[in-house]
Number of protein chains: 2
Amino acid sequence: MISTNKLPEDLDCGIRVAFKIFGGKWKLCILDAINRGIVRPAAIQKEIHEAPLRVIEMQLAELLFYGAVEKKCDEDSYPKKSEYFLTELGKTILPLSLQIDAWGTIHSAFVKAKQVELNEMMSLSK
Amino acid sequence: MISTNKLPEDLDCGIRVAFKIFGGKWKLCILDAINRGIVRPAAIQKEIHEAPLRVIEMQLAELLFYGAVEKKCDEDSYPKKSEYFLTELGKTILPLSLQIDAWGTIHSAFVKAKQVELNEMMSLSK
DNA sequence: TTACATACCGAATCTTTTTTCGGTTATTGA
DNA sequence: TCAATAACCGAAAAAAGATTCGGTATGTAA
């Protein structure tokens, strides 16, 4: 993550800009977790158990770079305690996140059924 | 595109479901074009000139499979005339698309500036 | 001391997605 | 006949993205 791309990317397209910031596989889940008060990397990872810790770290780093989250690190205390919070920019993503999640939840059963259909098609033509 | 995945994918997560349907690089642009009355593959490709025709075809096939668009093909006429239209499902994606695009447009300049910053960082540590 | 927990990073590897390339088929018009 | 256009497809290649692995450092508690 956080890489300069070889293929030209059109940042004049709003959709492409938006997806660059929060299009990552776990980004919206991470922002949601932080919003729900789960603010430390290890805690976020426990919440989103499918994602490896390394991914949480990398996507946090990217969200940090683009200013969607901010980091507060208390070096003295123990455990080391890094905490991430939503910035004003990050907060503007939440309404979108909620609507995207709502859309997906509504159509979840349908998409799952289609997925089964697809798996059957693939196994027949193996 | 349209592949069965090796990595487990959590379709219980609304965000993951949504991104599966319209998370592709050009999907929302294609849906938007169709909504604006640009309904044939070649025409869509002229509209979204950055995307190769093959990509338009593949992403249309995927949107078709998941029922976000429908295809009307008049075999007799010439030119061959395949036309794609939004289904009811496809239309439900439009409001999200508009908001995502609006968000990206608002933050476009900021993200572009960050991108310049990143490119400078990368070239220094080359 | 040993084991454990936290945060984080580099690099290799794997998976998925996107792109490029070279076809096929069919019809129109010069 | 020959060029042009439309739709579409398979397969390889390239790129991007995600994951695994092993490492650092720090401090706590058994």
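Please read these numbers as outputs of a predicted model, since none were measured by experiment. Protein chains get the first letters and strands the later ones, always in sequence-line order, with residue 1 at the start of each.
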Trainee: Side-chain N or O of A:Y84 versus OP1/OP2 of C:dC8: is the shortest distance under 4.0 Å?
Mentor: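 Answer is yes, contact under 4.0 Å.
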Trainee: Is the phosphate of C:dT17, meaning OP1 or OP2, less than 4.0 Å from a side-chain N or O of B:W26?
Mentor: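 So the side-chain polar atoms of B:W26 never come under 4.0 Å of the phosphate oxygens OP1 or OP2 of C:dT17.
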Trainee: Please determine whether a side-chain nitrogen or oxygen atom of B:Q45 lies at a distance below 4.0 Å from atom OP1 or OP2 of D:dA6.
Mentor: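 False: B:Q45 side-chain N/O out of range (4.0 Å or more) of D:dA6 OP1/OP2.
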Trainee: What's the shortest heavy-atom distance between A:Y66 and B:Q115, and which atoms?
Mentor: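 Reported closest heavy-atom pair: OH-OE1, 2.7 Å.
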Trainee: Following the transitive rule for hydrophobic clusters with a side-chain heavy-atom cut-off under 4.5 Å over Ile, Leu, Val, Met, Phe, Trp and Tyr, establish whether B:F110 and A:L86 coincide in one cluster.
Mentor: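 The answer is yes; both residues are in one hydrophobic cluster.
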Trainee: Could B:E9 and B:K20 be called an ion pair, given the rule that one side-chain N must be under 4.0 Å from one carboxylate O?
Mentor: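 Answer for the salt bridge query: yes.
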Trainee: Looking at C:dT15, C:dC9, D:dA15, which one has an atom nearest to any side-chain atom of B:K6?
Mentor: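 Output: C:dT15.
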Trainee: Can a side chain N or O of A:N5 be found less than 4.0 Å away from OP1 or OP2 on D:dA15?
Mentor: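 It does not, given that no N or O in the side chain of A:N5 lies less than 4.0 Å from OP1 or OP2 of D:dA15.
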Trainee: Rounding to a whole Å, what distance do you find between A:L53:CG and D:dG22:C1'?
Mentor: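 These atoms are roughly 14 Å apart.
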Trainee: If you check every side-chain atom of B:R40, which of D:dC9, C:dT6, D:dA6 has the closest atom?
Mentor: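 Of all the options, the side chain of B:R40 is nearest to D:dA6.
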Trainee: Check whether the ring centres of A:F19 and B:F19 lie less than 6.0 Å apart, and answer yes or no.
Mentor: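 Yes.
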Trainee: Could you tell me how far apart B:E62 (CD) and C:dT18 (C1') are, to the nearest whole angstrom?
Mentor: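 After rounding, the reported distance stands at 12 Å.
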Trainee: Side-chain contact, heavy-atom cut-off 4.5 Å: A:K72 with A:K81?
Mentor: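 Side chain of A:K72 against side chain of A:K81, heavy atoms only: no contact under 4.5 Å found.
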Trainee: OP1, OP2 of C:dT19 versus side-chain N and O of B:K25: anything below 4.0 Å?
Mentor: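 Result: yes.
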Trainee: In whole Å, what is the span from the NZ atom of A:K46 to the C1' atom of C:dA5?
Mentor: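 That distance rounds to 8 Å.
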Trainee: N/O contacts under 3.5 Å, protein versus nucleotides 10-12 of chain C?
Mentor:
residue, atom, partner, partner atom, Å
C:dG10, N7, A:R54, NH2, 2.8
C:dG10, O6, A:R54, NE, 2.7

Trainee: Please tell me which of B:P52 and B:L7 maps to the more 5' nucleotide of DNA chain C, matching each residue to the nucleotide holding its nearest heavy atom.
Mentor: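 Its nearest nucleotide being more 5', the pick is B:L7.
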Trainee: What is the distance, rounded to the nearest whole Å, between atom CD of A:E9 and atom C1' of C:dT18?
Mentor: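 Answer to the nearest Å: 14 Å.
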Trainee: If every non-hydrogen atom of B:L11 is compared with every non-hydrogen atom of B:V17, which pair is closest and at what distance?
Mentor: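 The pair with the smallest heavy-atom distance is O-CG2, 3.3 Å.
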Trainee: So, the side chain of A:T105 versus the backbone of A:D101: is there a donor-acceptor pair under 3.5 Å, distance only?
Mentor: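 Such a contact is found between A:T105 side chain and A:D101 backbone.
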Trainee: At under 4.0 Å, does any side-chain N or O of A:S82 touch on OP1 or OP2 of C:dC8?
Mentor: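 Yes, such a contact exists.
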Trainee: Can you check whether A:P52's main-chain N or O pairs, donor with acceptor, with A:Q45's side chain at less than 3.5 Å?
Mentor: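 Pair absent, no side-chain N/O of A:Q45 close to backbone of A:P52.
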Trainee: Taking C-beta and beyond as the side chain, do B:V116 and B:N119 meet within less than 4.5 Å on heavy atoms?
Mentor: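 Heavy-atom side-chain distance check fails, nothing below 4.5 Å.
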Trainee: Give one of base, sugar-phosphate or nothing for A:K71, where a contact means two heavy atoms less than 4.0 Å apart.
Mentor: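 Sugar-phosphate only.
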Trainee: Give the rounded distance in Å between these two atoms: CD of A:E50 and P of D:dT20.
Mentor: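 To the nearest whole Å, that distance equals 12 Å.
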Trainee: Could you tell me the separation between the NZ atom of B:K72 and the P atom of D:dA7, rounded to a whole number of Å?
Mentor: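 The answer, rounded to whole Å, is 16 Å.
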Trainee: Near DNA chain C, counting only heavy atoms under 4.0 Å, which residues of residues 28-35 of chain B show up?
Mentor: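 By residue number: none to list.
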Trainee: Would you indicate, yes or no, if C:dT17 has its OP1 or OP2 atom less than 4.0 angstrom from a side-chain nitrogen or oxygen of B:Q59?
Mentor: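 For B:Q59, the contact criterion (side-chain N or O under 4.0 Å from OP1 or OP2 of C:dT17) is not met.
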Trainee: Could you tell me how far apart A:I56 (CD1) and D:dG17 (P) are, to the nearest whole angstrom?
Mentor: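 After rounding, the reported distance stands at 17 Å.
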Trainee: Whole Å only: how far is the CD1 atom of B:I44 from the P atom of D:dA6?
Mentor: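 Distance check: B:I44 CD1 to D:dA6 P gives 13 Å.
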Trainee: Assess B:K114 against A:F65: is NZ or CZ under 6.0 Å from the centre of the six-membered ring, and within 45 degrees of the ring's axis?
Mentor: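 Yes, B:K114 lies over the aromatic ring of A:F65.
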